[in-house]
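Predicted model, so just to flag it, every value in this text is computed and none were measured. Numbers here are sequence positions counted from 1. When a ligand or atom number is given, it counts from 1 through the structure's own listing order. Just so you know, these numbers use all the heavy atoms, side chains as well, and skip hydrogens, waters and symmetry mates.
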Amino acid sequence: MPPEALPEAPPAALRLDIDRAALAENWRALDRLSGAARAGAAVKADAYGLGARRVAAVLREAGCGDFFVAHWREAADLLDVVEAGTISVLHGPLTGADSAFAIATGVKPVINSLEQTRRWLDAGGGRCDVMIDTGMNRLGIPLAAIGDEALRRLDIDVLLSHLCSAEEDVPLNARQLALWQQARRHLPHRRASLANSAGIALGPDYHGDLTRPGLSLYGGIQREAMRGSIGQVARPAVALLQTRTVSAGETLGYNATFTADRTMRVGTIALGYADGYLRCWSGKGAMLSAGRRLPVLGRVSMDLTIIDLGAAPDLAEGDWVDVDYALDAAAAASGLSPYELLTLLGRRFAR
Ligand SMILES: *Cc1c(COP(=O)(O)O)cnc(C)c1O
């Protein structure tokens with residue numbers, strides 16, 4: 001078929017509803033909780049799977065002026081959504097092409113090593129952010145290296161470090177705070193930043209000039225102090241493809257892991273591990289319909305899952321149900337982290 005003759009694709013049988021008002025309200029709450037500091041936003045990994053372009057547009061409108069992505073490609077994808085100078089690339093420049101892209105666009109690299117420092121300066125340099133390692137030993141310039149003369153030649157906007165355990169009350173938090181403060185005294189910079197979502201709740205000492213929430217923007221609550229302020233943003237929903245009645249003794253799905261002990265009405269939904277609804281939900285997850293719980297029965301398969309329709313006799317083929325996906329409870333039930341729960345949701349969801 002010539003392209004102009006192609007019909008539009010039919011709607012998906014999977015939907016990820018994004019509550020834009022809740023997203024904006026979460027950012028405003030985190031900005032408030034950040035006290036004298038402003039809140040930025042971690043929108044890496046496609047805004048934790050919610051759609052970085054959509055999320056960045058909502059947050060920019062709400063007043064957010066700093067966006068953190070991991071990859072250069074993720075920055076390129078946002079250039080027509082937010083001002084280039086408000087985007088920072090956490091992985092930093094790995095190649096000359098990365099530096100050239102930063103210089104041509106105005107996107108800021110986050111410099112993570114002395115090698116990256118030299119690469120950036122050799123390319124011509126300019127405004128950048130710098131990540132100092134205060135204990136993660138993942139990315140960042142070791143504190144022992146902050147006397148290096150190359151660092152003095154950088155034009156540092158945000159001096160950042162990253163907390164390992166902000167959601168826990170452990171001595172490592174205070175140790176990282178002290179090392180970050182030491183770095184702030186040694187390296188000239190415009191703004192300083194330490195706290196991720198959970199770090200915001202550690203108090204004003206941790207706020208600096210800019211905080212970098214990610215998970216809590218999208219509804220994750222890792223500290224009780226935030227519970228009243230953060231609302232659910234992502235709501236997956238799925239279509240019911242078929243219903244059937246099974247008799248006592250019949251089994252359901254792969255490997256026959258579930259056997260009906262009575263006559264049951266069950267439904268098959270268009271959701272499986274290819275969509276990020278992993279096998280760990282087998283026999284544990286549930287769908288929701290008008291407040292009624294519809295438990296997952298047997299194994300989750302690649303594209304399909306079977307649910308118990310006992311509580312919802314009115315539901316029929318073509319109806320939609322919500323996935324029970326309140327992040328806290330879903331994390332506890334599945335054993336997955338709330339970060340995984342969000343970033344897993346696959347490309348077949350219409351967002
Ligand atoms: C992902 C990330 C964040 C956001 O962390 P959350 O725990 O999701 O709030 C902040 N800073 C850096 C460096 C990150 O990589």
Side-chain angles (χ1 to χ4, degrees), residues 23 26-27 29-31 33-34 37-50 52 55-56 59 64-72 74-75 78 86-92 108-113 116 128-141 156-168 170 172-173 176-177 179-180 183 189 191-202 206-223 225-227 229-234 327-328 331 336-345:
L23 173 65
N26 286 348
W27 182 80
L30 291 160
D31 191 52
L33 291 166
S34 298
R38 294 312 307 272
V43 295
K44 64 199 184 196
D46 204 24
Y48 293 34
L50 274 55
V55 163
L59 297 182
C64 181
D66 292 273
F67 298 91
F68 294 88
V69 295
H71 289 252
W72 290 94
E74 294 180 317
L78 291 179
T86 65
I87 306 173
S88 300
V89 178
L90 290 162
H91 287 183
K108 288 183 293 177
V110 176
I111 303 292
N112 288 290
S113 65
Q116 288 195 352
C128 64
D129 295 342
V130 167
M131 172 67 78
I132 301 293
D133 179 53
T134 56
M136 184 78 98
N137 281 308
R138 190 178 65 165
L139 286 180
I141 296 172
I156 305 175
D157 180 13
V158 184
L159 184 69
L160 35 152
S161 190
H162 192 46
L163 296 166
C164 306
S165 313
E167 74 281 15
E168 296 177 288
V170 291
L172 184 54
N173 290 328
Q176 287 196 273
L177 172 65
L179 296 176
W180 172 67
H189 59 278
R191 299 180 292 162
S193 176
L194 177 64
N196 60 347
S197 301
I200 292 171
L202 291 174
Y206 289 79
H207 293 164
D209 306 299
L210 175 69
T211 59
R212 307 186 306 273
L215 186 71
S216 291
L217 292 170
Y218 314 122
I221 299 165
Q222 294 195 297
R223 285 199 162 264
M226 288 187 176
R227 187 163 299 281
S229 318
I230 299 299
Q232 187 173 350
V233 173
L327 286 181
D328 271 16
L336 298 168
S337 77
Y339 297 88
E340 292 168 297
L341 287 171
L342 290 178
T343 55
L344 276 167
L345 297 174

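A donor-acceptor pair under 3.5 Å links the side-chain atoms of R223 to the main chain of A166, judged by distance alone. With E340 contributing its side chain and L342 its backbone, the two residues share no donor-acceptor pair below 3.5 Å. In terms of modelled atom types and a separation under 3.5 Å, the side chain of S197 and the main chain of P213 share no donor-acceptor contact.
The pair R227-D328 counts as a salt bridge, with a side-chain nitrogen and a carboxylate oxygen less than 4.0 angstrom apart. Ion pairing between K108 and D157 holds under the 4.0 Å rule for side-chain N and carboxylate O.
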Between ligand 1 and the protein, find all N/O pairs closer than 3.5 Å and give the distance for each.
residue  : atom   : partner : partner atom : Å
ligand 1 : 7 (O)  : N196    : ND2          : 3.1
ligand 1 : 7 (O)  : Y339    : OH           : 2.5
ligand 1 : 8 (O)  : Y48     : OH           : 2.6
ligand 1 : 8 (O)  : L215    : N            : 2.8
ligand 1 : 9 (O)  : S197    : N            : 2.8
ligand 1 : 9 (O)  : S197    : OG           : 2.5
ligand 1 : 9 (O)  : G214    : N            : 2.8
ligand 1 : 11 (N) : H162    : ND1          : 3.4
ligand 1 : 11 (N) : R212    : NE           : 2.9
ligand 1 : 11 (N) : R212    : NH2          : 3.3
ligand 1 : 15 (O) : K44     : NZ           : 2.6

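Between C164 and L172, the closest heavy-atom pair is CB-CD2, 3.8 Å.
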